[in-house]
**Q** 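Before I ask anything, here is the structure I am working with.
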Amino acid sequence: MSNSSYPNMPAIHETIAAAVPATGPQEQRRYHRIAEVRKSQGMSLTWCAKRLGISTQVARLQEQPTTDLTIAQLNAWREVLDVPLAEILEHWGIENDPIRNRALLLKTMKTARQIQKTAQEIRIKRMANTLVDQLITLMPELEFVAPWPDIGQSHEDRGFGQALYRSFGTEMPGLE
């Protein structure tokens with residue numbers, strides 16, 4: 001069967017070769033959560049295989065967590081499962097990254113403070129106050145975080161930035 005008959009379907013030998021589970025020392029490494037996500041959404045393997053344009057056997061191989069898929073294959077599964085790519089990728093300690101978690105909490109606090117500052121309705125202000133209190137409980141150093149700037153960083157009337165104080169030559173290299 002040639003690829004030209006089915007332009008969206010990769011060659012069978014390429015599909016099968018790319019869908020062989022990893023072996024050797026990496027055998028236990030999990031690359032993705034395709035099977036978990038598919039099952040949690042109640043989708044059958046046969047239905048997914050048809051949508052992917054591959055056989056059920058190849059789909060079964062591809063959904064094994066130890067199968068190292070190409071980006072194109074992961075993207076195809078993402079489209080069929082209708083989830084963000086991050087949802088099907090196996091997380092290698094990202095959720096336990098304290099720097100990333102701190103950055104996310106900081107952004108959330110800035111947003112909560114902005115809502116607190118700009119909310120007109122009493123209900124919204126109460127919810128924002130509750131959210132701020134909960135964030136401070138999670139991470140006490142967030143107590144003094146300010147809201148997002150209203151309009152970028154403002155310069156005082158006297159400030160023109162560093163460009164005013166720097167001198168630039170009039171000669172352009174290479175233009176002789």
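Everything quoted here is computed from the prediction, not taken from an experiment.
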**Q** State whether the side chain of Thr67 and the backbone N or O of Glu63 hold a donor-acceptor pair below 3.5 Å, judged by distance alone.
**A** no
**Q** Just verifying a value: how many Å separate Arg113 CZ and Thr108 OG1, rounded to the nearest 0.5 Å?
**A**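 Taking CZ in Arg113 and OG1 in Thr108, the distance rounds to 13.0 Å.
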**Q** May I ask you to decide if Leu81's main-chain N or O and Arg38's side chain share a donor-acceptor pair within less than 3.5 Å?
**A** no
**Q** Applying side-chain contact (heavy atoms from CB on, under 4.5 Å), run through Asn75 and Arg78 and close with a yes or a no.
**A** CA-CA 5 Å; Asn75 192 46; Arg78 179 198 62 77; 2.8 Å; yes
**Q** To which residues is Met109 joined in a hydrophobic cluster, defined by side-chain heavy-atom contacts under 4.5 Å among Ile, Leu, Val, Met, Phe, Trp and Tyr, whether direct or through other members?
**A** Leu105, Leu106, Leu131, Val132, Leu135, Ile136, Leu138, Met139, Leu142, Val145
**Q** Return the CH2 to CD1 distance between Trp77 and Ile54, rounded to the nearest 0.5 Å.
**A** 6.0 Å
**Q** Show the nearest heavy-atom pair for residues Ala112 and Ala128, with the distance to one decimal.
**A** O-CB, 4.1 Å
**Q** Checking His32 side chain against Gln64 main chain: does a donor-acceptor pair fall under 3.5 Å?
**A** yes
**Q** Say whether Leu85 and Val80 are linked into one hydrophobic cluster, either directly or through other cluster members, by side-chain heavy-atom distances under 4.5 angstrom.
**A** yes
**Q** Measure the CD1-CD distance between Ile34 and Gln73 for me, rounded to the nearest 0.5 Å.
**A** 8.5 Å
**Q** Could you give the distance from CZ (Arg29) to OG1 (Thr66), rounded to the nearest 0.5 Å?
**A** 12.0 Å
**Q** Are any non-hydrogen side-chain atoms of Val83 and Gln41 less than 4.5 angstrom apart?
**A** yes
**Q** Say you draw a straight line from CG of Asp82 to CE of Met43; how long is it, rounded to the nearest 0.5 Å?
**A** 7.0 Å
**Q** Using atom types as modelled and distance alone, determine if a side-chain donor or acceptor of Lys110 lies under 3.5 Å from a backbone N or O of Ala146.
**A**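 Yes, because the side chain of Lys110 sits within donor-acceptor range (under 3.5 Å) of the backbone of Ala146.
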**Q** Within this structure, what is the SG-CD distance for the pair Cys48 and Gln62, rounded to the nearest 0.5 Å?
**A**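 The distance works out to 11.0 Å.
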**Q** Using distance alone, with no hydrogens and no angle criterion, decide if Arg126 and Asn129 have a side-chain donor and acceptor under 3.5 Å apart.
**A** no
